[in-house]
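Reading through the structure tokens given below for one structure.
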Amino acid sequence: MGKLTIPQEELMNSGHIGCLGCGGTLAMRYLLKALGKRTMITIPACCIAIMSGIYPRNFLKVPLLDVAFETTAASASGIRAALDAKGIDDVYVVGFGGDGGTADIGIQALSGTAERGDNIIYVMYDNEAYMNTGIQRSGATPFGAWTTTTPVGTTGDFKKRPKKNMVEIMVAHDIPYAATASVAYPEDFVKKVMKAKDMDGTKFFHVFSPCPTGWRYSPEMTIQIGVLAFQTTVFPMYEVENGVYRVTKKPAKRKPVADYLKLQGRFKHLDDETIKIIQKNVDRNWEMLLAKAEFTKKFAE
Amino acid sequence: MAKSVEDLPYIPLMSESSAVNKTGVWRVIKPIVDQEECNQCYICWKFCPDVAIHIDEEGSILIDYDHCKGCGICEAVCPKKCIEMVKEE
């Protein structure tokens with residue numbers, strides 16, 4: 001028997017009603033493997049909210065609280081306060097929201113939680129649009145993407161604004177730990193969660209979760225798309241600990257961003273000119289990240 | 001499983017595992033593992049989004065066809081190419 005690279009304990013049930021090749025459920029599965037049984041999860045309206053199927057079924061083996069769209073982080077703060085009042089200190093409280101519920105609708109509650117420094121873990125699983133309601137554009141949808149509210153049609157009306165940088169917003173709250181992770185690299189994700197889970201304060205994870213339905217690719221390519229997003233540095237892997245940036249994984253050789261774009265139907269309308277603009281932005285972001293890591297190195301304790 | 005409304009709790013509590021959803025009926029292509037070729041690296045187990053790949057006591061890979069939706073990720077990530085997707089009958 002070979003060696004397992006992530007914990008074997010399974011805290012997610014099979015039989016959830018997610019799409020074929022769903023990336024979001026993988027994010028949940030790895031998170032629970034890292035945190036263990038003593039965990040409580042609170043979720044807004046998102047794909048994860050419907051995964052359990054009809055009442056009274058639960059797709060997790062841990063308590064799951066389903067709250068209103070804006071209140072994920074606030075409810076997590078509340079659970080933590082209740083646990084503190086009861087003197088229970090060995091439970092991890094997790095807010096688990098999609099990109100719409102985090103970057104757009106839930107950002108006010110999340111900002112409040114981070115500012116108060118409540119001891120919770122917040123995970124944003126990023127499928128780059130409102131997938132549960134039918135692929136509407138969100139703040140985390142990247143430049144150039146087709147969605148049902150940025151239909152390309154004959155006018156070429158794809159999304160014209162870049163993706164909102166949530167890690168950067170959370171770092172500005174002076175939280176102890178913020179990191180990016182990807183479902184294509186579970187070892188890296190589990191390692192980061194293990195490292196941060198016992199820190200005091202709000203911890204934030206931005207997890208890249210490819211979505212076959214909304215991104216218009218064949219379900220078996222979920223992991224391949226995640227790997228390409230990393231290799232092209234469209235989605236770099238880094239962590240920010242008390243303001244100090246560290247790139248946790250660097251691709252051996254950076255691939256052109258077209259390799260990543262051409263596999264997905266949501267980018268199929270892009271011409272060479274637009275791809276060049278995307279490449280330029282990705283290059284710039286990558287250089288900036290490396291510069292930040294270099295610059296903040298001297299502030300590490 | 002509650003038999004009538006009276007058996008259900010007053011506040012909504014989820015009391016049953018989602019494993020009663022037999023999502024295997026969604027499948028149009030089915031993964032078949034070549035156990036002779038498999039070197040038990042468990043990469044398919046790691047990436048299965050439906051938790052439908054299990055490891056038995058001997059360490060070999062078991063696919064739970066009641067819940068496997070046939071997404072094909074296991075075939076795509078297998079480094080030995082010993083998982084084959086075949087059409088459901």
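Below, read A as the first sequence line, B as the second, and so on, with proteins coming before strands; counting in each chain starts at 1. Please read all numbers here as calculations on a predicted model, not as lab measurements. Reckoned from all heavy atoms, side chains included, excluding hydrogens, waters and symmetry mates.
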Is it the backbone or the side chain of [X] that comes under 4.5 Å from a heavy atom of chain B, or both, or neither?
| X | value |
| --- | --- |
| L60(A) | neither |
| I223(A) | side chain |
| V227(A) | neither |
| A184(A) | backbone |
| Q224(A) | neither |
| S218(A) | neither |
| I54(A) | neither |
| K33(A) | side chain |

### Message
Please identify, among D66(B), I73(B), V77(B), the residue contributing the most non-hydrogen atom pairs under 4.5 Å to chain A.
### Response
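Heavy-atom pairs under 4.5 Å are most numerous for I73(B).
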
### Task
Mind ranking C68(B), A52(B), S17(B), G70(B) by heavy-atom pairs under 4.5 Å with chain A and telling me who comes out on top?
S17(B)

### Task
Name the orientation class of the two ring planes belonging to F96(A) and Y125(A) (parallel below 30°, tilted from 30 to 60°, perpendicular beyond 60°).
parallel

### Query
Where does D64(B) contact chain A at under 4.5 Å (heavy atoms): side chain, backbone, both or neither?
side chain

### Query
Is chain A contacted by the side chain of W26(B), its backbone, both, or neither, given a heavy-atom distance below 4.5 Å?
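Contact with chain A: side chain only.
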
### Residue, of I6(A), V183(A), D66(A), that accumulates the most heavy atom pairs under 4.5 Å with chain B
I6(A)

### Message
Please determine whether the number of non-hydrogen atoms from other residues, nucleotides or ligands lying under 6.0 Å from atom NZ of K195(A) exceeds 12.
### Response
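Result for NZ/K195(A): enclosed.
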
